[in-house]
Every structure is written in structure tokens, then in C-alpha cells.
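Following: one structure in C-alpha cells, then a few remarks.
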Amino acid sequence: MRRYEFSEIEKKWQKKWLDRGLFKADTKVTDNKYYCLMMFPYPSAALHVGHGRNYIIGDVVARYKMMRGLNVLTPMGWDAFGLPAENAAIKNGVHPSKSTLANIKMMKKQLGSWGVGYDWDREVASCMPDYYKWTQWIFLKLYEKGLAYKKKAFVNWCPSCNTVLANEQVVDGACERCSSVVSQEELAQWFFRTTSYAERLLDDISKLKEWPDKVKAMQTNWIGRSEGVNIDFPVAGSDEVLTCYTTRVDTIYGCTYMVLAAEHPLVESLVKDSPDSGRIMDFVRKVRSRSNLSRTRDDSSKEGVFTGRYVINKINGREIPLWIADYVLMEYGTGAVMAVPAHDQRDFDFASKYGLPIEVVIESPASHGSDASSGNAITEAYELEGILVNSDRFSGMKSPEGAEAIADHMESEGIGSRAVHFRLRDWLISRQRYWGAPIPIVYCDACGIVPVPESQLPVLLPDDVEFRPTGESPLKASPDFVNTKCPACGAPARREIDTMDTFVDSSWYFLRYISPHLDEKPFDKEDVDKWFPVDQYIGGVEHAILHLLYSRFITKVLCDLGYISFDEPFERLFTQGMIIKDGAKMSKSKGNVVSPDRLIEKYGADTVRLYTLFIGPPEKDAEWSDRGVEGAYRFVKRVWNLLDVLEGSSPDGRGDAASEKKLLMKTHQTIKKVTDDIDGAFHFNTAISAVMELVNHIYSGISEKGNECYSRECLKEVFSRVVLLLGPFIPHAAEELNERLGSHESVFDQEWPSYDENMLTSDTVVVPVQINGKLRATVEMPRGISEQEVKETVLSDKKVLSALPVPEKQIKKWVILADKLVNIVV
RNA sequence: GGGCGAGUGGCGGAAUUGGCAGACGCAAGGGACUUAAAAUCCCUCGGGUGAAAACUCAUGAGGGUUCAAGUCCCUCCUCGCCCACCA
């Protein structure tokens, strides 16, 4: 009867929570609101224990906050559009909507079996028309504002997936999904103008006080602000001017040639009159078609070609040769680079290869003035700051002041001007894919690009489409979809056949949770304003850059448009570490996936939860061990078996007074520790070990003094608190124990236990005593006594006396930290 | 190349502002209970010397600051993650 039947217990309480709507939130009530958000998953396949960590952490936080009396909102949904479902569809012939919905069903069941609770009435799935209608609406709002635009661009093309990839989806020049080498193609694509928010996205990082520094650093680097100077170089014998950007204007006198990117728009016109133009353009075409991979893989293999042209460096009037090379990127700066081979390693490599001049204009402060450096051949570029030489009247200045002086000079002479550049680029949102939200645009021969009016949303994704990739969007093959009427003039027109990047879907879902069933609006402004920002966002670091940046961007845009009144969506962010198995991230392909289902069957959900939380600090990666689960199981049973201990304890209030006092003290200390650990950095591992210590304490008291050690009243009081403390971690067992202890109230309706400051310490304290910094004894003494009394107590201790190498008169110094430590220096 | 982080027993990991290194757990060994096993409970468990008490060494390596360093400073080594021909 007292056996721990976890299977029954867990089913029982999961049903009870559902029946009474434990996780239902009323968003109209905004007092004490707490919005606890977990990154919604992609419904791909069965969840493994690595995924589980995310949801379990979130569930612990939600349940804990409930016990703290907060009005908790924990919604869940599905990032349901995307390539994997479509790829699976191509492979297995099952329609993506079918497999997606089946996966959602399965994952929902798994989440339930973990005891993880959500307000399922607010469930959203990004592939449903009532959701993507509003994704399309957001597109229209950006379009109206000029923040969505179409341009022809060189894009990353995956020949295997037959689609365009965002720069972000290209890893080491290869497709992040299939690892095929990515090539470059020119296509007309839709972009969101994230660059116009670059400065704000960067500046507002300072508002994110409760985000991990790591994530903030990653976002800062990604946005990549740099300050420098744009310098104009007129092309000799031409009206053209080439502008290049540099952060090292102090090296301008060492500029011995200029390099253009192969994609630079002036390349054709500059070389067309050259007798060599055929050969030059061959090179240009070769570079343009080359994938990023071969262009970036080996940085020693820089290749280039001389254009036959010269440009004028106006600061000294010198003509320098103009080259085209594969190491210059069109996407950054101006696509033209002033090459200073003496002070930039890439330029140095290139100049060495093609015999271009190398002129030193910066010397290190150490060698400045000696004649060692100037004139002599150097073997590598000196890239540090230093002292300017061979730089006219700027010679002798240090790099920073030289740069300022040169910039001033250039601005007053009209040679160049100070400029800020960002690495962040506009967000390419077009995908030549089926399984995504259609872009709500119509092309009319008369009216041109026409946005679909809001009243005609959603632009439905057709069901009956051959979704095999052909290089163009599968939607092109659906005449019913493509052929439409122009919303402006009514003439026959064609729909945009690209769909949106799924990052668009996921950059606003957290707003929809507040008003998931609203038909006429994406969300209710008043409610959203009250419930935002999200109090706690929890998810994996892999989304540290893109998802979080895009979400911040969309939030800012919606704020500027007046749809919401806040411009940062997430107050506090927690990124949990991965769970590793056999030294690698869990993945089907590696075959190291640990399924929670089998473990839950064997040990119960509470044990799996407990182990997942106990495995290590949740922000760090952790190695999964099935053996460790066994240990968690033992602990849950040990807690369970306290029922027997309680029954055997001494009734009628006859316990050992000293033992009870100690136990109560330990209990209050434990409450404090657990509370601090959860409130602080989510260190559930140490919170759990504190409860383990308390439970061990109970058992060791009984093992020493027998059942009479604690009275039933005392033990019950402690036991009830243990149950409450464990509630967020092992909710089913806690509820069951709570009920068996006679409570009629759910654990999660009860108040989180509080501790009494006066119960944390005893009257005496055991103080370590060091001699010359080495521990020699521990001495028990009353708390809070004077230094003189401490000295007397310590010197009356036999162990201290025997360890003292000299008579006490020769003690040089006493270091006394009240109630904490004594160090005797001799 | 740039940014961030980490290195502590056989293993996962604990250690407020510098203040008893190794909490808690796993594994291992021993014991109790049992006809036996499982389960449960109890004990031991960083290295060295020692019968023991105790002493001594020990937080990647080497220096330094301090009464006192896993923690602070300098030099170096190793590993992980993110970004990267970004001018």
C-alpha cells in the first residue's frame, strides 16, 4: 500500500491538473503577472531528454512562481513551417501538414508524460492560416513602412535543396542542413531592412540587464559596428570615383594599390576599354560563381587581376594600380578596399604574390627611430597601432591621433568623411519553398508590385501542390494559386510564389499567445502591453543570435508603428546547456539519443525530471548517464519512505529535544538555500542537493537514536516542508505525499515555505582555527563573543596548544573573523 | 585572426566579499537484514607516510600578492563554443 507506484500516481495527478486547469491563465488579470516563455519547438520527431531539459526547467520555474503567488502564464506552440517537414515529404510522399500535425500530437503527449504543464488553450502553430494570416500582416506593415523591399541580389544557392539560403544558414560555405557546397546565384529576393535598426538593436543591448553576457556579446559582434573613414579615389582618366572604407586611416600613406570585389557594379565599365578585358572578365565571372566555401576556406590562396586602371590617392596625389581580387567582399563596406600591405596581412599576402610595392608607414613604438624597419624588406604585416612614418606632416604622430588628424584633414579637403559601418545585413526572407507562409504580394503588369490588402488575408497556402523542389517555388506549379486579380485594378495578375523564412513566423509568436483566438487583430494591444515584456524566456543558446535578434527587430518595428508600447520583448533570458551523450550532442544520425519514454516507464517522470535538474548547472552542457537516473530514483523513494518513518515515529510529542532543534534548524537552512538557488541563477542542482542533505539528516538522526529521535509532530512539520520544496521538481510525488499527509489543497495552491532568520543559526558555532594559515583545530564557542573571549577559548583548547609551535607570548598576530575563522600568526 | 567560456577525486559536480577544498550524487569496497537474491539501511572512499593518532602533498603548469588563494595579479599550456578574407 505504501509502495511508490509512480505510474498510477503520475497519471492521477496529470489528470487532476488538467481537470482543474492548473496552468490556465487569465490574461485579463494582470496583477502579479508572470510570463514564463519557452522557445517553441519545431515539431520534427520524438523529443529526447536533451529537449526535455528546456521544458522541465520552464515547468519548475512556472510551478515555483505559482507557489510564490504569481499569476503565471506558460503557453506553448509549434514552429511548424520549415524545411525538414518538406524534405521528409519529398522523401516519404506524406504531405507536410499531415506529418507536422502528427508530430505535434506525439510531442504534446510526451510533454504531458513529463508532467510539464501549459495553458493549452493558447496553443499556436505557425502553419495554421489563423496564425500565418498575421505573419503576412506583419509583412504588409513592414512593406508599408518601406522596411520590406525586393532587390536582385547574389544569394547563396544550395544545389541539393534547390533553394536560396540566408547567409546565416550557410556554415563554412556549406548548406547548414545538407552540407552541400553553396554557390552564388543572382535572384530577385525580398528583404527586411534590419540594417536601418542596426544602431538601435546595438544600443538597446544595454537595456537587457538580465540577459547572459555571452548572448549580448554574440549579438554585439553580429551587429558589428565599426568606425572609420570613407575615402574617395578618383579613377585616372575617367569621371568615376571609387569610395573605399577603412578603419585604419592612419595607414593611408602606405596604400600602394586598390582592390575591388568581383561583384562591384563599376567593374564592367572600368575594364571594358582595356585590351585585356576578355581575360579580366573571365576572372570576374569565375570569382562570382565561386561559392563562399572555396572563397573563404583557404585564406592564403588570394587571387586577383590588374584592371589596367589607376586611381588617385588624393592625400599625396599618387596614382596607384586598381586590381580586382577574390578576397574583397561586396557585402561589407563599399566593396572597394585600399590596400596597405605593410600593415594588413591579407594585403601583404596579395602584394607578395603579385609583386606589388610594400611601404612601411607605421612603426612599433619600440623600433621607432632605429633604422631597422624603414626600407628593409619585412616578412609580415605589422598590424598593431604605432607611430606614423613616411606620412608627410602626420609623421611622428601615434596611430589614434594620426587617424584623427588625417580624418579631419580629409573632411576639410573633401577627400573623405568619417563613416560608421555595420556587419549586420538586411534579412533575406524569401524562400523558394512550399512549406511556409506565402508572401502577400501580387504582380500586375499595369500596377507593378501590389501588396495584398489586409481584408484579403490570409493568402492561403494551397494544399494540392507538387512540392518537390525544381529551383523555383513549388507554388509556381499551382495555377489556382498563381493566377489572381490585381487588388488595385482588377486585371489578371500573378501572385508572389516565394514563401517566408520561418524565422519570420517565430519572431512574433510570443505576442500571439496573449490573444490566440482573436480574429480581427494579431493581438490585443492593451493586454499585450500589460503582459509584456516576457518575464522569463528560456531556450537554447543556438538561438542566441538570429531568433533573438529578429524578435527584437520585429518588436521594435511594431512599437514604432504604435501596435505595442514596448521595444524589447524579453526581460530575462536563460539559455540552457545541451545534454551530451557519449561526448556528442544527441542526434538521430549519431544514434546517441536517449528517449524519455522508456525511462519514464521504468522510473517515472519525477525521477527523470529530478535527474535532469540534478545533472549539473542548467546553463552548462552536461553528460547524460543512465546510472545517474538510478540515483535520482533512489532519492525519490527515500523521500517516499519517509511515510513509513513518520508512522514509526514517536507519538505524543516525545522526541529528543536537542535533535529536533537541530532538525528544525537544518530545515530552515534548507528552505533558505533552495529559495536562493531558484531565485538566483536557477541552480536547481544545488537546491536539490540541499534537500538531499536534509533528508539524509532525518535518516541519520533515526539511525543514531532510533524512532524516538523525532516526535511525530516535528517530523510531520519537516516532512511537509520537504514536500513543498520538492513540488516544482517532482510535482506528482509531491502532490501525492501532500495528500497522504492530510492536506486537501494542491501543493501549487500552497505558499512556498518561508524560513525564520532566527532559526538559521544556533547559539554556539564551530570555528576553524588556523596557525599560519593551516588548519590545526576546530573549536566550539558561543556565537558573538568578544575577541578577547575568542582568544581565551582558543588558547584553552588542547589541540591548539599542542599544535602551537611557540609559547603563546610569541604570537605575532591574531586574525579573528567573528564566528567564522581564527588564524594565529607566529 | 576576433569574441566568450572552461580546466577541481575513477566520474557528474560543490565551495558568499579571498577564509575548514572535494558538499550532493554516481561508480567502487565492506557490513546489516535475507535460505538466497533484489530492495532497503549503515560504514569506508583524492595522493603519500603511518598500525593508529597524526603529518604531508594536492584545484592544468610556473611565478607573485596576502595572516590566508580553486577564487586576485603576471606568464604559459590544453580544451570547448560562437564569429570570421568584415578592410
Side-chain angles (χ1 to χ4, degrees), chain A residues 3 171-172 212-218 220-222 224 226 228 244-248 251 259 261 292 295-302 325-329 331-340 343-347 349-350 383 421-425 541-542 544-545 577-578 610-611 614-617 619-632 634-635 637-638 641 644 676 683 685-693 695-696 699-700 702-704 766-778 799 802-803 812-817 820-826:
Chain A
R3 270 193 54 198
V171 177
D172 285 338
D213 290 339
K214 184 168 102 184
V215 173
K216 289 195 276 188
M218 281 161 81
T220 302
N221 291 339
W222 189 259
S226 81
C244 72
Y245 172 70
T246 182
T247 53
R248 285 299 300 275
T251 65
V259 209
N292 278 351
R295 284 172 81 166
T296 61
R297 180 181 272 162
D298 185 358
D299 49 6
S300 66
S301 70
K302 300 181 201 333
D326 60 357
Y327 74 97
V328 178
L329 306 172
E331 297 87 35
Y332 184 76
T334 61
V337 172
M338 63 170 232
V340 183
H343 304 294
D344 182 291
Q345 192 58 38
R346 293 157 303 174
D347 297 341
D349 294 341
F350 190 81
E383 295 188 319
H421 280 264
F422 294 91
R423 303 169 71 155
L424 183 73
R425 298 174 207 166
V541 221
E542 64 272 21
I545 299 176
M578 278 187 309
L610 190 79
Y611 175 65
F614 186 63
I615 191 168
E619 73 277 10
K620 292 211 181 118
D621 291 353
E623 170 84 29
W624 184 270
S625 140
D626 283 348
R627 275 268 168 75
V629 181
E630 199 91 38
R634 273 204 276 272
F635 174 67
K637 280 193 292 187
R638 215 163 138 81
N641 291 339
D644 289 333
D676 291 350
H683 281 170
N685 55 330
T686 48
I688 290 166
S689 68
V691 183
M692 285 173 168
E693 282 187 60
V695 171
N696 289 348
Y699 275 99
S700 65
I702 285 161
S703 133
E704 266 173 44
V766 177
V767 173
V769 176
Q770 300 178 334
I771 294 170
N772 286 341
K774 293 205 168 167
L775 181 74
R776 292 302 176 199
T778 54
K799 249 180 143 183
S802 71
K812 268 198 204 137
K813 186 178 167 187
W814 287 81
V815 179
I816 298 174
L817 276 84
K820 267 179 105 177
L821 176 128
V822 173
N823 189 12
I824 303 169
V825 186
V826 297

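No hydrogens, no waters, no symmetry mates; every other heavy atom, side chains included, goes into these values. Per chain, numbering begins at 1; letters A, B, ... match sequence-line order.
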Practice problem: Report yes if the side chains of A/Arg248 and A/Val340 come closer than 4.5 Å at any heavy-atom pair, otherwise no. | Solution: no
Exercise. Just call it for A/Ser703: base, sugar-phosphate, or nothing, with non-hydrogen atoms closer than 4.0 Å on any strand.
Key: sugar-phosphate
Quiz item: If only side-chain N and O atoms of A/Arg638 are considered, is one of them under 4.0 Å from the OP1 or OP2 phosphate oxygen of B/C42?
Solution: yes
Quiz item: Counting side-chain heavy atoms from CB outward, which of B/C41, B/C24, B/C83 is closest to A/Glu693?
Solution: B/C24
Practice problem: Scan A/Asn641 against the nucleic acid and name what it touches under 4.0 Å (heavy atoms): base, sugar-phosphate only, or nothing. | Solution: nothing
Quiz item: Just the dot-bracket of RNA chain B, please: which string comes out with Watson-Crick or G-U pairs under 3.5 Å, [ ] for crossing, | for another strand?
Solution: (((((((..(((......[....))).(((((.......))))).((((....))))..(((((..]....))))))))))))....
Quiz item: How is A/Asn823 classified with respect to the nucleic acid when contacts are heavy atoms under 4.0 Å: base, sugar-phosphate, or nothing?
Solution: base
Self-check item: Donor-acceptor side-chain pairing of A/Arg638 and A/Asn696 below 3.5 angstrom
Solution: yes
Quiz item: For A/Lys620, which contact category applies under a 4.0 Å heavy-atom criterion: base, sugar-phosphate, or nothing?
Solution: nothing
Quiz item: Base, sugar-phosphate, or nothing for A/Phe635, non-hydrogen atoms under 4.0 angstrom?
Solution: nothing
Quiz item: Given the C1' atoms of B/G46 and B/U59, what is the spacing between them in whole Å?
Solution: 11 Å
Self-check item: Side-chain N,O (A/Arg634) to OP1/OP2 (B/C41) below 4.0 Å
Solution: no
Exercise. Would you tell me if any nitrogen or oxygen in the side chain of A/Asn685 comes within less than 4.0 Å of OP1 or OP2 on B/A14?
Key: yes
Quiz item: What is the nucleic acid contact for A/Arg627, judged by heavy atoms within less than 4.0 Å: base, sugar-phosphate only, or nothing?
Solution: sugar-phosphate
Quiz item: What nucleic acid atoms does A/Ile615 come within less than 4.0 Å of, heavy atoms only: base, sugar-phosphate, or nothing?
Solution: sugar-phosphate
